[in-house]
Amino acid sequence: MTDPLNTNRKAELLSRQVEHIDITSFDARPIVDAMKKMSFTSRDLGRATDIYNQMLADPDCSIFLVIAGSTSAGGCMDLYAELLRNNMIDGIVATGATIVDMDFFEGLGHKHYQALEVPDDDTLRSLLIDRIYDTYIDEEQLQHVDHTIFEIAETLEPRAYSSREFIREMGKYLVEHGKKDNSLVKLAFEHDVPIFCPAFVDSSAGFGLVKHQVDAVKAGKPYMVLDAIADFRELTEIKIKAGTTGLLMIGGGVPKNFIQDTVVCAEILGHDDVQVHKYAVQITVADVRDGACSSSTLQEAASWGKVNTGIEQMVFAEAGSVMPLLASDAYHRGLWKDRVKRRWGASFD
């Protein structure tokens, strides 16, 4: 029997939901225009916003949203969904946590919560509350995600799947059983926007897929597996077909390197005429001094033959504080209204 004191204490800590920002409800163009006339990070953000608008205005440009970190849990989830809904992105590369633990999690009807206070983390553990800085997640609800991923895997033909294929099945599941219309995973399924997670099992998906595999082995049955090579091949195929591409990157890590490496992979496959990514914006707080991928500048990526040095901008800021401005500015300038839908996800049907 659950201790009522613990139940009450958990309810107290999970009492205020994170409210995701609505970029359509305010017009950031005046403040972004003013910031362009300033210096430091303000001017960097202004130029980054200009570059994103250039991507939207370029009729030949396919735009990839690249996400690492926890901005989806922190209040940017509906922002990303709005970009997809309004044809402002054509593909997504993200961490498994962003797609599964955050977006799919809320798609199933669960919520993230503001931490009004942070007791010691051992206390949180005893209450089955997981913490992301000042944001809480109910571990028992997260286990529902694990089990749902297991259920989806159980319905699939036992063969190899790219993460894009499996995430498409997740989107299909949300269409039928989801509790939230504004889910990136659900909208991606409906709009044929492919989502790639090169480290997919480093998330709640991993637990469900391990259980699927272990149960199948015990029963002597075949099981589905994830094919990381297929991820790389499929994303490279899109890059080859797309030609001109632009990157809107939040954070860094594996998603950043994965999308940039498609240029090199295309060259290795004999496509010597493949274009480097023409446009690139990265928003990060990572320090450039430690040699990490997350912090490596876009200028550095040019030395690897991945990114054009002419139309790129690093913005060293916490993404949750600047992405609402960039996205609202681009939404209200309306350059997305004339864009052709790429539907790269449908190219694999």
Side-chain angles (χ1 to χ4, degrees), residues 48 50-68 80 83-94 99 162-165 167-168 171 184-185 187-198 227-250 252 254-282 298 301-302 304-313 326-327 330 335-349:
D50 280 346
I51 291 173
Y52 181 47
N53 280 310
Q54 287 179 56
M55 298 184 209
L56 293 168
D58 186 338
D60 299 322
C61 182
S62 289
I63 302 171
F64 291 91
L65 175 66
V66 184
I67 315 173
Y80 299 137
L83 296 184
L84 196 155
R85 179 184 286 107
N86 291 296
N87 195 33
M88 299 170 74
I89 54 174
D90 305 296
I92 299 165
V93 183
I99 297 303
S162 67
S163 65
R164 175 201 59 81
E165 284 184 282
I167 294 166
R168 181 171 172 77
L184 195 64
V185 172
L187 289 168
F189 172 80
E190 293 173 333
H191 292 265
D192 286 320
V193 173
I195 300 177
F196 293 89
C197 288
D227 186 345
I229 300 170
D231 276 351
F232 201 10
R233 172 179 52 78
E234 290 181 359
L235 192 57
T236 300
E237 287 175 4
I238 293 175
K239 171 56 185 164
I240 293 167
K241 294 174 184 176
T244 303
T245 47
L247 308 179
L248 177 59
M249 297 189 287
I250 293 88
V254 172
K256 171 188 176 181
N257 204 53
F258 197 66
I259 185 64
Q260 289 182 333
D261 272 349
T262 56
V263 178
V264 179
C265 190
E267 291 173 348
I268 289 173
L269 294 177
H271 297 270
D272 296 330
D273 59 342
V274 69
Q275 302 177 43
V276 298
H277 296 295
K278 182 176 181 179
Y279 310 92
V281 167
Q282 183 184 0
L298 295 167
W304 295 76
K306 300 175 181 179
V307 173
N308 173 21
T309 59
I311 316 176
E312 56 82 20
Q313 183 63 53
L326 181 148
L335 296 169
W336 49 272
K337 295 177 181 177
D338 297 322
R339 294 190 78 235
V340 174
K341 277 200 171 187
R342 267 70 180 180
R343 294 191 179 278
W344 289 120
S347 66
F348 299 101
D349 293 343

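Val274 approaches Val263 most closely through the heavy-atom pair CG1-O, 3.7 Å. Minimum interatomic distance between Ile195 and Ala188 (heavy atoms only, all atoms of both residues): CD1-CB, 3.6 Å. Counting all heavy atoms, side chain and backbone alike, Ala327 lies closest to Leu83 at CB-CD2, 4.2 Å. Here the closest non-hydrogen pair linking Pro198 and Ala94 is CD-O, 3.7 Å. Closest of all the heavy-atom pairs between Leu247 and Ile259 is CD2-CG1, 3.5 Å. What you find for Leu56 and Ala330 is that their closest heavy atoms are CD1-CB, 3.9 Å.
For the pair His277/Thr262, a side-chain contact is recorded, criterion being any heavy-atom separation below 4.5 Å from C-beta on. A 4.5 Å side-chain heavy-atom check between Asp261 and Phe232 finds at least one atom pair inside the cut-off. Proximity of Cys61 to Thr244: side-chain heavy atoms (C-beta onward) are separated by under 4.5 Å at one or more points. A heavy-atom distance below 4.5 Å is found between the side chains of Phe348 and Ile238. Taking the side chain as every heavy atom from C-beta outward, Ile99 and Ile67 never approach each other to under 4.5 Å. Between Glu234 and Pro194 there is no side-chain heavy-atom pair separated by less than 4.5 Å.
A donor-acceptor contact shorter than 3.5 Å links the side chain of Lys239 to the backbone of Gln275. Formation of a donor-acceptor pair under 3.5 Å by the Gln260 side chain with backbone atoms of Asn257 is not found in this model.
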For this session: Please lay out, stage by stage, how Leu248 and Tyr279 fare under the test side chain to side chain contact (heavy atoms under 4.5 Å, CB included).
Result: CA-CA 8 Å; Leu248 177 59; Tyr279 310 92; over 6 Å; no

For this session: Would you please test Cys197 and Ile167 for side chain to side chain contact (heavy atoms under 4.5 Å, CB included) and show each step?
Result: CA-CA 9 Å; Cys197 288; Ile167 294 166; 3.7 Å; yes

For this session: Please report the C-alpha distance between Asp227 and Ser162 in whole Å, then the side-chain angles of each, then the deciding distance to 0.1 Å, and finally whether the side chain to side chain contact (heavy atoms under 4.5 Å, CB included) criterion is met.
Result: CA-CA 5 Å; Asp227 186 345; Ser162 67; 5.6 Å; no

Exercise. Given the rule in the salt bridge (Lys or Arg N to Asp or Glu O under 4.0 Å) test, do Asp58 and Lys278 qualify, once you have shown the distances and angles that lead to the verdict?
Worked result: CA-CA 11 Å; Asp58 186 338; Lys278 182 176 181 179; 3.6 Å; yes

Problem set entry | side chain to side chain contact (heavy atoms under 4.5 Å, CB included) evaluation trace for Leu84 with Leu184 | CA-CA 7 Å; Leu84 196 155; Leu184 195 64; 3.7 Å; yes

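Note that CG of Leu187 is 15.0 Å distant from OH of Tyr80, once rounded to the nearest 0.5 Å. Interatomic distance, NE2 of His271 versus CD1 of Ile240, reported as 3.5 Å (0.5 Å rounding). Expressed to the nearest 0.5 Å, how far CZ of Phe64 lies from CH2 of Trp344 amounts to 7.5 Å.
Of the listed residues (Arg168, Arg164, Arg342), just one forms a salt bridge (Lys or Arg N to Asp or Glu O under 4.0 Å) with Asp192, and that residue is Arg168.
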Counting only pairs under 3.5 Å, give me each side-chain donor-acceptor contact of residues 85-93, with atom names and distances, residues two or more places apart or in other chains.
residue : atom : partner : partner atom : Å
Arg85   : NH1  : Glu82   : OE1          : 3.4
Arg85   : NH1  : Asn182  : OD1          : 2.8
Arg85   : NH2  : Asn182  : OD1          : 2.5
Asn86   : ND2  : Glu82   : O            : 2.9
Asn86   : ND2  : Glu82   : OE2          : 2.9
Asn87   : ND2  : Arg339  : O            : 3.2
Asp90   : OD1  : Arg339  : NH1          : 3.3
Asp90   : OD2  : Ile63   : N            : 2.7
Asp90   : OD2  : Arg339  : NH2          : 2.6

